[in-house]
Number of protein chains: 4
Amino acid sequence: MLVSEHRRGPVRSEAARVAILEATARLFQTRGYDQLTMEGIAAEAHVGKQTIYRWWPSKGALVADCLLEGLLFREGFSPADTGDLRADLIAWLRGILAFVDREGGVSMVHSLIAAAGDHPSVGLRLSEGLGANQLLRARFESAVAAGQLSPDRPLDELGDAFVGAVVLRALSRTPTDAGTAVRLVDAVLGA
Amino acid sequence: MLVSEHRRGPVRSEAARVAILEATARLFQTRGYDQLTMEGIAAEAHVGKQTIYRWWPSKGALVADCLLEGLLFREGFSPADTGDLRADLIAWLRGILAFVDREGGVSMVHSLIAAAGDHPSVGLRLSEGLGANQLLRARFESAVAAGQLSPDRPLDELGDAFVGAVVLRALSRTPTDAGTAVRLVDAVLGA
Amino acid sequence: MLVSEHRRGPVRSEAARVAILEATARLFQTRGYDQLTMEGIAAEAHVGKQTIYRWWPSKGALVADCLLEGLLFREGFSPADTGDLRADLIAWLRGILAFVDREGGVSMVHSLIAAAGDHPSVGLRLSEGLGANQLLRARFESAVAAGQLSPDRPLDELGDAFVGAVVLRALSRTPTDAGTAVRLVDAVLGA
Amino acid sequence: MLVSEHRRGPVRSEAARVAILEATARLFQTRGYDQLTMEGIAAEAHVGKQTIYRWWPSKGALVADCLLEGLLFREGFSPADTGDLRADLIAWLRGILAFVDREGGVSMVHSLIAAAGDHPSVGLRLSEGLGANQLLRARFESAVAAGQLSPDRPLDELGDAFVGAVVLRALSRTPTDAGTAVRLVDAVLGA
DNA sequence: CAGTAACCGAGACGGTACGTCTTGTCTTCCT
DNA sequence: AGGAAGACAAGACGTACCGTCTCGGTTACTG
């Protein structure tokens with residue numbers, strides 16, 4: 001006895017889905033989140049507006065999906081493991097800060113923060129994108145194993161502290177200098 | 001003989017200025033930053049739109065001014081100094097997290113984050129409003145003097161780490177539990 | 001027993017055809033021509049849109065078919081033949097004007113006029129539906145035979161004049177009074 | 001005794017009003033009523049859509065205003081007064097029928113009928129535009145004075161009968177031949 | 001004390017984008 | 001193959017705000 005609940009009619013068009021996400025990513029990167037419009041995306045993707053609204057409730061959800069598909073963050077910021085936690089974290093933070101300071105980096109982060117305001121999962125992905133949380137946590141665990149980090153430190157919160165500080169700088173547009181990464185690591189880890 | 005550069009005509013109306021800021025604060029608190037519109041503010045303040053645009057360039061600037069006037073944040077979050085740094089920080093964080101979790105707190109913080117995206121100084125004021133930076137720094141200095149905190153730790157960055165972690169939680173709407181404050185303090189300070 | 005003429009494959013579904021026409025009539029009468037949509041008809045008839053487009057080119061054609069099937073006009077307005085042409089015409093016109101003035105009558109006629117704009121045959125059917133042209137012409141012929149109407153009057157055009165005047169009133173929403181029918185008959189026929 | 005109740009603020013822009021009406025007339029004549037869109041009018045008039053909606057509630061009202069301004073009907077169809085009522089009416093009807101049959105004439109009338117469906121006053125103006133009602137009535141009065149027309153005939157309804165018959169022909173797209181005007185006059189007036 | 005320049009409220013203006021609706025075509029599965 | 005369901009591209013709908021400009025009317029300094 002089969003019956004298997006079945007829908008009739010055409011199925012979601014993968015071509016349209018991809019075109020929409022790619023158009024969104026393209027426009028997000030070139031114009032930023034605020035300038036991103038549903039109409040612009042529809043035009044760029046050669047798609048009817050209704051096709052967007054059928055599958056995504058909002059601009060934020062669309063950007064969140066782009067993040068999930070990895071269309072916005074090409075680069076991952078994974079901390080190296082040279083055995084020296086402090087050096088590795090400094091290097092990792094410098095990478096992130098360089099990205100943020102780079103042409104378009106600030107506005108990129110700002111756009112993501114704005115998008116996070118509209119859609120919760122963007123915030124989660126933002127942490128992961130910047131901090132590569134899993135990798136960061138792995139690095140911390142390695143440091144704990146090596147005796148460089150007290151096992152008492154809650155590692156997720158430790159990651160949040162670093163990533164949060166970076167986000168806060170971006171929010172307040174505090175300029176970064178050469179020593180910023182070092183100071184931040186020393187502040188949190190102790191010198 | 002100083003020609004005394006002088007303007008003719010009436011001078012800026014204090015009544016209008018105050019009405020606009022108060023209308024902005026009122027609408028910001030009830031509807032949030034996104035729902036805040038220049039037209040709405042003008043109507044609420046019984047003021048012409050031009051009177052707003054004459055003195056403020058943007059919605060963000062208006063909100064920033066509200067912050068400066070103390071119309072948005074009634075409460076300050078100042079850490080106590082009982083001699084026990086860890087306990088004081090935990091208490092302070094709990095206060096902030098309770099505020100954020102409270103009815104309307106999340107959206108308040110989100111609105112401020114959104115406003116910060118539009119206007120840099122909102123970001124600065126946000127840090128200060130949440131973290132009361134001066135006070136926090138003072139508490140850290142007291143801890144250094146008491147030998148509870150290594151003098152090597154850059155104190156500004158230490159504050160950023162705490163406030164940043166809170167902002168990050170708000171951004172990703174990560175739910176808070178009873179242990180969050182403790183874990184965050186232990187993560188950053190060491191247990 | 002004449003099975004005769006058989007196509008293979010499924011043949012046009014009579015059930016669908018009828019369901020579509022009835023849905024159209026139902027919606028036309030309740031919502032009017034402007035509110036009538038292909039999507040609405042398809043939904044009301046539990047039919048795919050394509051099934052409509054396969055057999056009818058437009059909304060107007062659909063309404064025209066409804067008229068042909070007699071699904072829109074239940075009532076016919078046939079002039080009586082009491083021997084008194086003037087009285088018969090006045091009675092007949094009063095019936096039509098009462099229908100038009102009645103609840104929903106104006107919008108009914110307006111909808112038909114709109115449909116006539118989209119599809120020529122609706123216009124023809126409109127004349128017939130309102131004026132019952134054949135019957136009206138028969139009444140005129142009877143009057144000619146009775147010597148009440150000059151044989152020189154072109155009878156089709158005479159009918160058009162009456163029906164046209166009614167349509168024009170509907171178009172301009174000129175209100176009707178008790179004497180309208182009398183005046184119209186006297187205007188055209190002479191008192 | 002001063003203080004006459006006064007509105008403050010800018011006054012309605014005559015330039016915009018005229019541009020909108022002229023754009024409407026232009027598009028109405030070239031594309032017809034159905035193809036006429038508010039967006040198209042706004043674009044053609046170089047005007048924001050809101051400026052249209054601020055002053056006109058609908059497309060029909062806009063077309064009605066165009067009629068009132070005389071932007072749609074250049075030509076008036078005024079019956080001559082040669083002393084021969086029948087000949088004058090035939091000539092007048094031939095002019096109208098020629099206009100309707102002419103390139104674009106049918107669609108023009110159809111468009112006006114459609115517009116009349118949307119907006120009552122278009123219907124009134126339609127009668128006037130086609131029938132020049134005042135002038136027609138004046139011609140009838142002259143005929144009554146000359147003893148060519150019974151004083152018992154209600155003259156307004158007489159005009160309606162003629163104009164209505166023409167509208168009805170346009171609605172049903174009944175083709176016109178050389179004798180149409182003659183037959184119509186004879187039908188209504190008697191030979 | 002008249003002139004005049006900048007303020008004020010109100011709100012119309014040209015625009016952009018919104019989210020919804022309908023059209024007519026296309027695609028998929030089911031009977 | 002025909003029919004139901006419904007996704008698709010297109011584009012009009014009417015609304016909400018944007019930031020600018022234009023009105024009269026109202027100060028308050030200047031000559």
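What's counted below: heavy atoms across the whole structure, side chains too, no hydrogens, waters or symmetry copies.
Note: CD (A/E14) to P (E/dT27) measures 16 Å, nearest angstrom. Separating the CD atom of B/E39 from the P atom of E/dC13 is a distance of 14 Å, rounded to the nearest angstrom. To the nearest angstrom, C1' of E/dC7 lies 12 Å from CD1 of B/I20. The CD1-C1' distance, from A/I52 to F/dA7, rounds to 14 Å in whole Å. With rounding to whole Å, A/H46 atom NE2 is found 11 Å from F/dA9 atom P. In this entry the distance linking CZ of B/R17 with P of E/dA6 reads 22 Å, nearest Å. Look at CE on B/M38: it is 17 Å from C1' on E/dT16, rounded to the nearest Å. Atom OH in D/Y53 sits roughly 17 Å away from atom P in E/dA12 (whole-Å rounding).
A/K49 contributes a side-chain N or O that forms a donor-acceptor pair with the base of E/dG19 under 3.5 Å. Side-chain to base pairing of A/Q50 with E/dC21: one donor and one acceptor N or O lie within less than 3.5 Å of each other.
For the pair D/R17 and D/E69, the salt-bridge criterion is met [side-chain N within less than 4.0 Å of a carboxylate O].
Here A/W55 reaches the OP1 or OP2 of F/dC8: one of its side-chain N or O atoms lies under 4.0 Å away. Note on C/T51: every side-chain N or O is 4.0 Å or more away from OP1 and OP2 of F/dG2. Between D/T37 and the phosphate of F/dA12, there is no side-chain N or O to OP1/OP2 separation shorter than 4.0 Å. Contact annotation: B/R54 side-chain N/O to E/dC8 OP1/OP2 distance is under 4.0 Å. Between A/W56 and E/dG19 there is no side-chain N or O to OP1 or OP2 distance below 4.0 Å. At the phosphate of F/dT22, neither OP1 nor OP2 sits under 4.0 Å from any side-chain N or O atom of D/S13.
For the pair C/G48 and A/A16, nearest-nucleotide mapping onto DNA chain F gives the more 5' position to C/G48. Residues A/P57 and C/P57 each lie close to DNA chain E; by heavy-atom proximity, the contact nearer the 5' end of the strand is made by A/P57.
In this structure, A/R125 and A/L112 have side chains that are not in contact, with every pair of non-hydrogen atoms separated by 4.5 Å or more.
Counting heavy-atom neighbours within 6.0 Å of C/R54 CZ, excluding the residue itself, gives a total above 12.
Here the closest non-hydrogen pair linking C/E44 and C/A23 is CG-CB, 3.4 Å. Shortest non-hydrogen contact noted between B/S111 and B/Y33 is OG-N, 2.9 Å.
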